[in-house]
Amino acid sequence: MGFRENLKSELSYQGILVKELANKTSISKRTLDNYLREKSSIPPADVAVKIAKALNVSVEYLVNTGIQEDSKINNYSSKIQKLAERLSNFSESDFKMVESLIDFIYDKNTN
């Protein structure tokens, strides 16, 4: 995945509209729409930094092409952090239920 796909994915995951991101970053909606088009290019570094800050993700996550072995972990780091924050508010029994579900899925995918 590249910048366009990662940006689309993060906007979808966070439930943020392009116009909301435009307001948060002071980058025009038209410019952001251009970055989301099929044949788009990676924005200049200063623009990528503004977008990353507004989405609370790293620039590396947004521009990562998925070629590196560690990319899966890097791509999920903000999502994992958000899940951890949510889990910290769970009761002990709810936390154990989620932990069991994760263990089940992990075991299913590794066997």
Side-chain angles (χ1 to χ4, degrees):
M1 290 185 6
F3 181 84
R4 180 180 66 87
E5 294 88 357
N6 292 338
L7 179 56
K8 268 186 175 181
S9 174
E10 197 59 34
L11 288 171
S12 173
Y13 176 77
Q14 293 189 28
I16 296 176
L17 300 173
V18 176
K19 70 179 184 177
E20 292 173 305
L21 182 60
N23 289 335
K24 286 183 173 186
T25 60
S26 300
I27 299 168
S28 74
K29 182 181 178 304
R30 174 180 262 182
T31 298
L32 292 171
D33 283 335
N34 284 334
Y35 294 135
L36 292 167
R37 286 203 171 79
E38 190 68 34
K39 298 195 182 231
S40 62
S41 60
I42 295 175
D46 61 323
V47 174
V49 168
K50 282 183 182 180
I51 293 169
K53 282 184 179 180
L55 295 173
N56 197 28
V57 298
S58 69
V59 175
E60 292 81 10
Y61 164 75
L62 287 177
V63 298
N64 191 324
T65 60
I67 296 171
Q68 302 169 349
E69 278 298 309
D70 295 335
S71 67
K72 199 169 194 179
I73 293 171
N74 291 336
N75 286 344
Y76 288 119
S77 64
S78 70
K79 294 174 184 179
I80 291 169
Q81 181 179 0
K82 288 174 190 163
L83 286 172
E85 289 169 6
R86 290 178 181 170
L87 285 169
S88 69
N89 294 320
F90 281 22
S91 68
E92 185 67 26
S93 63
D94 288 343
F95 182 87
K96 286 183 180 187
M97 188 178 354
V98 171
E99 185 177 32
S100 295
L101 177 61
I102 291 170
D103 288 342
F104 172 78
I105 294 169
Y106 176 81
D107 290 343
K108 185 179 90 167
N109 288 311
T110 57
N111 290 328

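Here, residue 1 is the first one in the sequence, and each next residue gets the next number. None of these values were measured; they are calculated from a predicted model. For the numbers below, each heavy atom of this structure counts, side chains included, while hydrogens, waters and symmetry mates do not.
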Practice task
Show your reasoning for whether salt bridge (Lys or Arg N to Asp or Glu O under 4.0 Å) applies to R37 and D33.
Solution key: CA-CA 6 Å; R37 286 203 171 79; D33 283 335; 5.4 Å; no
[atom1]/[X] to [atom2]/[Y] distance, rounded to the nearest 0.5 angstrom?
X: S88; Y: L83; atom1: OG; atom2: CG; result: 11.0 Å
X: R86; Y: D94; atom1: CZ; atom2: CG; result: 14.5 Å
X: L62; Y: E5; atom1: CG; atom2: CD; result: 11.5 Å
X: N23; Y: I16; atom1: CG; atom2: CD1; result: 11.5 Å

Practice task
Give the C-alpha distance, both sets of side-chain angles, the deciding distance and a yes or no for side chain to side chain contact (heavy atoms under 4.5 Å, CB included) between I51 and V57.
Solution key: CA-CA 9 Å; I51 293 169; V57 298; over 6 Å; no
Smallest separation among heavy atoms of [X] and [Y], with atom names:
X: E85; Y: N89; result: O-ND2, 3.6 Å
X: S28; Y: A22; result: C-CB, 4.2 Å
X: L36; Y: R4; result: O-CD, 3.2 Å
X: L21; Y: A54; result: CD1-CB, 3.8 Å
X: S58; Y: A52; result: C-CB, 3.9 Å

Handout entry: K53 atom NZ, neighbour heavy-atom count above 12 within 6.0 Å
Key = no
Using residues 95-103 as the side-chain source, report each donor-acceptor pair under 3.5 Å to any protein atom, sequence neighbours left out, with the distance given to one decimal.
{"unit_1": "S100", "atom_1": "OG", "unit_2": "K96", "atom_2": "O", "d": "3.0"}

Problem - hydrophobic_cluster_shared for Y13 and L32, side chain cutoff 4.5 Å - result: no
Practice task
Output yes when a side-chain donor or acceptor of Q14 lies under 3.5 Å from a complementary backbone atom of L55, and no otherwise.
Solution key: yes
